[in-house]
Amino acid sequence: ILTVTGTGPTITTLTASASSNTVQYTSTGAQTVKAATYVNLTKSGVGGTATLGGTTVVNGTLTLTSGTLDANNNAVTIAGSLSSSNSNTRAITMGSGTWTLSGTGTVWDVSTATNLTLTANASTIAFTDTSSSSKTFAGGGKTYNNVTVTAAGSGAVIFQGSNTFNDFTINAPKTITLTSGTTQTIS
């Protein structure tokens with residue numbers, strides 16, 4: 001585990017792709033997250049804002065425990081999952097970039113959305129896994145901008161929580177499953 005605290009110095013080179021590696025940004029102030037490929041990336045630090053410095057790839061889990069994660073209009077690719085299911089005060093500012101979810105299993109988990117502010121901006125969430133495995137989007141009843149489920153493959157995409165989407169695009173052969181007792185609103 002590599003823990004980056006404080007607001008500086010600026011990281012000029014970072015190779016964080018070793019198996020099981022986790023990089024944690026823990027400042028309670030402003031931090032820039034180095035544009036890189038990570039295995040696991042964690043943002044914590046009450047009140048702090050971690051701003052992505054460019055296109056960011058996470059091959060494992062992107063975790064927001066507390067503070068703010070600001071995508072800064074950059075593209076984010078997550079091959080594992082986004083996890084921010086707790087009751088700590090935290091915020092995700094998605095920006096105008098595309099958030100590509102290429103994994104299987106629970107790929108987006110904000111199911112416990114207490115004290116979570118999600119600002120969708122002009123972002124797009126794209127499901128790109130081409131396997132027959134299912135993917136779960138636990139949206140926590142939040143409002144998202146655009147969602148696209150357009151990759152080939154027969155694996156169902158399961159939506160949990162009563163979420164709101166600006167635009168929702170589905171291409172065959174995808175199966176969408178909506179959890180019983182929830183409402184998905186497309187505005």
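Only heavy atoms go into these numbers, but all of them, side chains included; no hydrogens, no water, no symmetry mates.
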Asker: Using the rule given for side-chain contact (heavy atoms from CB on, under 4.5 Å), can you reason through Ile92 versus Trp99, listing the C-alpha separation, both sets of side-chain angles and the distance that settles it, and then say yes or no?
Answerer: CA-CA 12 Å; Ile92 300 172; Trp99 291 62; 4.1 Å; yes
Asker: Under the side chain to side chain donor-acceptor pair (under 3.5 Å) rule, what pairs show up with a residue in residues 67-80, not counting sequence neighbours?
Answerer: Asn73-Ser96
Asker: Which pairs with one or both residues in residues 160-176 pass salt bridge (charged side-chain N to carboxylate O under 4.0 Å, His left out), sequence neighbours excluded?
Answerer: none
Asker: Is there a side-chain contact between Ile176 and Phe127, using heavy atoms and a 4.5 Å cut-off?
Answerer: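 No. Closest side-chain heavy atoms not under 4.5 Å.
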Asker: Any side-chain heavy-atom pair from Asn40 and Thr42 closer than 4.5 angstrom?
Answerer: no
Asker: Once salt bridge (charged side-chain N to carboxylate O under 4.0 Å, His left out) is applied, what residue pairs with a partner in residues 113-137 remain, sequence neighbours excluded?
Answerer: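 Checked against salt bridge (charged side-chain N to carboxylate O under 4.0 Å, His left out) - neighbours excluded - the pairs reaching residues 113-137 are Asp129-Lys135.
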Asker: Look at the side-chain heavy atoms of Ile, Leu, Val, Met, Phe, Trp and Tyr, link any pair under 4.5 Å apart, and say whether Val39 and Val76 land in one connected group.
Answerer: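 Val39 and Val76: separate clusters.
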Asker: Would you tabulate the side-chain donor-acceptor contacts of residues 45-62 under 3.5 Å, counting partners in other chains and residues two or more places apart, or write 'none'?
Answerer:
| unit_1 | atom_1 | unit_2 | atom_2 | d |
| --- | --- | --- | --- | --- |
| Thr56 | OG1 | Gly54 | O | 3.0 |

Asker: Roughly how far, to the nearest 0.5 Å, is the CG atom of Asn145 from the OG1 atom of Thr164?
Answerer: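 With rounding to 0.5 Å, OG1 (Thr164) is 12.0 Å from CG (Asn145).
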Asker: Please list all pairs passing the side chain to side chain donor-acceptor pair (under 3.5 Å) test where one or both residues lie in residues 105-117, with sequence neighbours left out.
Answerer: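 Every pair satisfying side chain to side chain donor-acceptor pair (under 3.5 Å) with a residue in residues 105-117: Ser85-Ser111, Ser85-Thr112, Trp108-Tyr144, Asp109-Ser111.
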Asker: Find the distance between OG1 (Thr169) and CD1 (Ile186) and round it off to the nearest 0.5 Å.
Answerer: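 Thr169 OG1 to Ile186 CD1: 9.0 Å, rounded to 0.5 Å.
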Asker: Could you report the tightest heavy-atom contact between Val4 and Gln31, atom names first, then the distance?
Answerer: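 For Val4 versus Gln31, the nearest heavy atoms are O-NE2, 2.9 Å.
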Asker: What are the two closest heavy atoms between Lys43 and Ser27, and how far apart are they?
Answerer: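 The answer is NZ-O, 3.2 Å.
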Asker: Identify, with sequence neighbours excluded, every residue that meets side chain to side chain donor-acceptor pair (under 3.5 Å) alongside Ser123.
Answerer: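 For Ser123 there are no side chain to side chain donor-acceptor pair (under 3.5 Å) partners, ignoring immediate neighbours.
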Asker: Could you report the tightest heavy-atom contact between Asn163 and Gly141, atom names first, then the distance?
Answerer: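 Looks like OD1-N, 2.9 Å.
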Asker: Rounded to the nearest 0.5 Å, how far does OG of Ser84 lie from CG of Leu116?
Answerer: 5.0 Å
Asker: Going only through I, L, V, M, F, W and Y residues with side-chain contacts under 4.5 Å, is there a path from Val147 to Ile170?
Answerer: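 Same hydrophobic cluster.
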Asker: Using a 3.5 Å distance criterion without hydrogens, assess whether the side chain of Ser81 forms a donor-acceptor pair with backbone atoms of Ser83.
Answerer: no
Asker: Quick one: side chain to side chain donor-acceptor pair (under 3.5 Å) partners of Thr175, sequence neighbours excluded?
Answerer: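 With neighbours one apart ignored, the set is empty.
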Asker: Between atom CG of Leu41 and atom CG of Leu2, what is the distance when rounded to the nearest 0.5 Å?
Answerer: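 Spacing of CG (Leu41) from CG (Leu2) equals 10.5 Å.
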Asker: First locate atom OG1 of Thr22, then atom CD1 of Ile1, and finally report the distance between them rounded to the nearest 0.5 Å.
Answerer: 5.5 Å
Asker: Kindly state each residue pair satisfying ring pair (Phe, Tyr, Trp, His ring centres under 6.0 Å) with at least one member in residues 167-187, sequence neighbours excluded.
Answerer: Phe159-Phe168, Phe165-Phe168
Asker: For residues 146-161, pull every pair meeting side chain to side chain donor-acceptor pair (under 3.5 Å), keeping only residues two or more places apart or in separate chains.
Answerer: Asn146-Asn166
Asker: To the nearest 0.5 Å, tell me how far Leu82 CG sits from Leu69 CG.
Answerer: 8.0 Å
Asker: Which pairs count as ring pair (Phe, Tyr, Trp, His ring centres under 6.0 Å) when at least one residue sits in residues 33-88, sequence neighbours excluded?
Answerer: none
Asker: Tell me, please, which residues at least two apart from Ser44 pass side chain to side chain contact (heavy atoms under 4.5 Å, CB included).
Answerer: Thr26, Thr65, Ser66
